[in-house]
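Here is the structure we will look at.
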Amino acid sequence: MAEIKNCLLPDDLLYHVEYNVWVRNNGDGTCDVGMTDIAQSLAGAIIHCRPKKAGKKVKQGKSLATVESGKWVGPVKSPFAGEVVAGNDAAVADATILNRSPYKDGWIVRIAPEGGDAALSGLLTGEAAAEGFAAYMAEKELAECVHCEGFDG
Amino acid sequence: MIEEGRVVIFVTSGPETPQRCATPFYMATVAAAMDHEAEMIFQIDGVLLLKEGVAEGMTAKEGGKTIIDFIRDAKEADVEMRVCSAALQLHDMTPDDLIEECDGVVGAAYMTEKGLEADMVLCY
């Protein structure tokens, strides 16, 4: 697992650096999407997560979900076009799961990419992703990632 | 539920009521993050929030995030911000006094049209 300034980036995931999201290819025509460790640190204590409903078609760069903390709100942007298959009910019920488990229980939306696996070709993994996020953090002058008690990254 | 609607937020509160001045930007940012078209229109004392140098020193809550940071979050989410021409005159301001985040000066007819066309109108 790559680590940049205490921010964890699991090797088995794909990443869209600019949108600050990860993608897990489920191998069944669907992918799970969530916020990276960096994104959850930037947001701080998350209080609401509102994913788009199943059946909703989204374009690349459009919002898959809206995430709110006490002082910040923003979209979780879709790394590719596709159709939302499901939202994570656990994240809706308790949005702090995005802080505590950004890569596991805190997935946000399950989506079927338009065009199948080909839609994932532009995403980064491994060293390329780590380099991308290092540059992203430097550009935004971000400090270390913050992990709450029980963090299971 | 409307998937992509229009939200217009009229802001008349200003530096004299700072506790009322973060929420309108937050609501506009939420709307934009949900893929709605969000526009803020500043009237009366609201125009002072977009006056150069004012929002930097303002917080809704002591020790909280500054209003200029709320403004920048909203701009990053593509919220449009316009000010009322009459309100500028009320405060002896010109467009040159406004921060770069402002998208322009509008009149009452524009504001009326925008309000009528919107799916949701909020006033602060």
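Labels below follow one simple rule: chain letters A, B, ... track the order of the sequence lines, proteins then strands, and each chain is numbered from 1. Side chains included, hydrogens not; waters and symmetry mates left out as well; all remaining heavy atoms used.
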Would you check if there is a donor-acceptor pair between the side chains of B/D69 and B/T66 at a distance under 3.5 Å?
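A donor-acceptor contact under 3.5 Å links the two side chains.
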
Which word best sums up how the rings of A/H16 and A/Y19 line up, parallel for under 30°, tilted for 30 to 60°, or perpendicular for over 60°?
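If you compare the ring of A/H16 with that of A/Y19, the planes turn out parallel.
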
Do you know which two heavy atoms are closest between A/A95 and A/C49, and how far apart they sit?
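Scanning both residues, the minimum pair turns out to be CB-N, 3.8 Å.
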
Name, in order of residue number, those residues of residues 85-121 of chain B that have a heavy atom at a distance of less than 4.5 Å from a heavy atom in chain A; otherwise write 'none'.
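Within residues 85-121 of chain B, no residue comes under 4.5 Å of chain A, counting heavy atoms only.
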
Non-hydrogen atoms of chain B under 4.5 Å away: do they reach the side chain of A/K77, the backbone, both or neither?
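Interface part for A/K77: neither.
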
Summary of side-chain hydrogen bond (donor to acceptor under 3.5 Å, both in side chains) pairs that have at least one residue in residues 140-153 of chain A, sequence neighbours excluded
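Residue pairs with at least one partner in residues 140-153 of chain A: A/D37-A/H147, A/S101-A/D152.
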
Residues two or more places apart in sequence or in another chain: which of them pass salt bridge (Lys or Arg N to Asp or Glu O under 4.0 Å) with B/D45?
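None.
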
Run the side chain to side chain donor-acceptor pair (under 3.5 Å) test against A/N26 and tell me which residues pass, sequence neighbours left out.
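Applying side chain to side chain donor-acceptor pair (under 3.5 Å) to A/N26 gives A/T30, A/D32.
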
To the nearest 0.5 Å, how far apart are CD in A/Q60 and CZ in A/F80?
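These two atoms lie 9.5 Å from each other.
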
Find the one option among B/D73, B/V30, B/D35 whose heavy-atom pairs under 4.5 Å with chain A are most numerous.
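Among B/D73, B/V30, B/D35, the one with the most close pairs to chain A is B/D35.
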
